[in-house]
Amino acid sequence: MQEKDTTQTDPDGSVPVAALTQSGIPVVVLQPTDAGYLVLTPCGNTAEITNGAPIDRAQVVVDPGHGGEWDTGAVGPNGLVERDLNLKLSRAVLEELADRGIPAATTRTFDYGVSLSVRAAFADAHEADVLISIHHNAPTWVRGDGPGSEVFVQSATPLQARADSARLGGLLYEEITTALAAFDDVAWSRLPDAGVLRVLQPDGTDTYGILRRPSTPSALIEYGYLSNHSEAELFATTEYIRVAAQATVDAIDAYLHTDRLGTGIIHEPRSFDPQSSSTPCDDPSLEWN
Ligand SMILES: [Zn+2]
């Protein structure tokens, strides 16, 4: 059914920073048009939408890593797919943020691709205080005596954002590793330098685009190893989603409302120069036809 009132501005007459399209896709609003908004699509194209609902400015932006046919992320030995797991955990994080009255928004609502530059632009458009990107790891793993969570933080950003990113990362690392360690029947895996890390490419900038691109203080969390059978079994449980979401929001809450610094900071950066490859991206339909 077509809505009659296609309000294009907030009640105070300003243009919203983002909008939820008729098909439920969050998009950055570039400018109002006669019929609606000109928006940035998930794949970084521009399009006009006519039935967008304004999204209020968010203090926290949650980014479910990967998505869509071309970017599944890791796949566990139990068949659990990272793009789906990240989305499920992100939804639980958003619910917990809402319960605590912290205004939040997400870069991805369903299973479709979103370019890294659009994820970053979405957080920056909100002038958010926090961007967290949710992931589960899958390189070669080695047995560890506790959760091998890794939190990647920003280096190549203005100084204050870098300090903020490190504190955000420290709090996420502290809360998440403490909460996950309570699952004591898991055969964890971890790399020797697991902690709060900066990962740099040869030119000294952040390797990961989701950290390099936004000016919003950001952190990328690898909660654990989906490639490890024991951890993959845990990640498939609703109890894991509940505990991990709660710990994540405890950290965000502490970041926003206390001066705590967190733990786990590794001062020596890891260097990693990925082969640059562009992942195809298919835009979802923004409106019902
Ligand atoms: Zn990932």
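We count ligands from 1, going down the list as the structure has it; atoms in each ligand are counted the same way. Sequential numbering from 1 along the given sequence is applied to the chain's residues.
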Notebook entry, point to check: Out of the N/O/S atoms in E82, what is the name of the one closest to the Zn ion (ligand 1)?
Noted result: OE2

Next item on the list: May I ask you to check whether H136 and F235 place their ring centers less than 6.0 Å from one another?
Entry: yes

Next item on the list: Tell me whether E222 has at least one N, O or S atom under 2.8 Å from the Zn ion (ligand 1).
Entry: no

Item checked: Passing option when Y223 is tested against N137, T248, T177 for side-chain hydrogen bond (donor to acceptor under 3.5 Å, both in side chains) -> T248

Next item on the list: Hey, could you give me each pair passing side chain to side chain donor-acceptor pair (under 3.5 Å) that has a residue in residues 69-80? Not counting sequence neighbours.
Entry: H66-D71, W70-D282

Checklist line | Heteroatom N/O/S of H66 within less than 2.8 Å of the Zn ion (ligand 1) | finding: yes

Notebook entry, point to check: For H135, what is the atom name of its N, O or S atom nearest to the Zn ion (ligand 1)?
Noted result: ND1

Check: Which residue pairs pass the ring-ring contact (aromatic ring centres under 6.0 Å, His included) test with at least one member in residues 157-200, sequence neighbours excluded?
Finding: none

